[in-house]
Amino acid sequence: QVQLVESGGGLVQPGGSLRLSCTVSGTIFGIYMAWYRQAPGKQRELVARITTGSTTIYLDSVKGRFTISRDNVKGAVYLQMDSLKPEDTAVYYCNEYPSTWPWGQGTQVTVSS
């Protein structure tokens, strides 16, 4: 069974930073790995994705602020989030792109003054 474990979320003030981590076990590390988020009352959305060759694609609203990276040996994917805004508040999840594995519990990111 595939297991996805996200960590690194927390409560930060606007303009703050967080680094999210995700470890993957029980399956072959995906060609594309991605971070998704789901805010209250909204659909889950794709935030960023990365290939094994480190090609990256970002949601327009996070470009220049978020950086996705991966460690294929460790089977881990990371999301460095800088200049956080209240609208970034959501539960953040990792998965393949497109998402095919069972969702993990995610990690809560709250940006508030």
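Each residue takes its place number in the sequence, starting with 1.
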Open item on the list: I'd like to know if the side chain of Thr110 reaches the main chain of Thr89, judged simply by a donor and an acceptor atom lying under 3.5 Å from each other, with no hydrogens or angles considered.
Closed with: no

Expected list for residues 53-60: side-chain donor-acceptor pairs under 3.5 angstrom, two or more places apart:
from: Tyr58; atom 1: OH; to: Ile68; atom 2: N; distance (Å): 2.9
from: Asp60; atom 1: OD1; to: Lys63; atom 2: NZ; distance (Å): 3.0

Open item on the list: side-chain contact (heavy atoms from CB on, under 4.5 Å), that's the test. Do Arg37 and Val62 meet it? Break it down for me.
Closed with: CA-CA 12 Å; Arg37 68 185 181 188; Val62 309; 4.0 Å; yes

Open item on the list: Tell me whether the count of non-hydrogen atoms from other residues, nucleotides or ligands lying under 6.0 Å of CD in Glu87 goes above 12.
Closed with: yes

Task: Residues clustered with Ile31, ILVMFWY side-chain links under 4.5 angstrom - done: Tyr32, Tyr36, Leu46, Val91, Tyr93, Tyr97, Trp103

Task: Lys74 side, atom NZ; Thr23 side, atom OG1 - distance, nearest 0.5 Å - done: 11.5 Å

Open item on the list: To the nearest 0.5 Å, what is the distance between CG on Asn95 and SG on Cys22?
Closed with: 8.0 Å

If we only count heavy atoms from C-beta on, is the [X] to [Y] side-chain gap below 4.5 Å?
| X | Y | result |
| --- | --- | --- |
| Val24 | Met33 | yes |
| Tyr78 | Asp71 | yes |
| Val109 | Met81 | yes |

Task: For the student: nearest non-hydrogen atoms of Gln105 and Glu6, plus distance - done: N-OE1, 3.7 Å

TODO: Heavy atoms only: give me the nearest Pro102-Gln1 pair and the separation to one decimal.
DONE: CG-NE2, 3.5 Å

- [ ] Determine, using the 4.5 Å side-chain heavy-atom cutoff (strictly less than), whether Val2 and Trp35 are members of one ILVMFWY cluster.
- [x] yes

What donor-acceptor contacts under 3.5 angstrom involve side-chain atoms of residues 9-21, with partners at least two apart or in another chain?
from: Ser17; atom 1: OG; to: Asp82; atom 2: OD1; distance (Å): 2.8

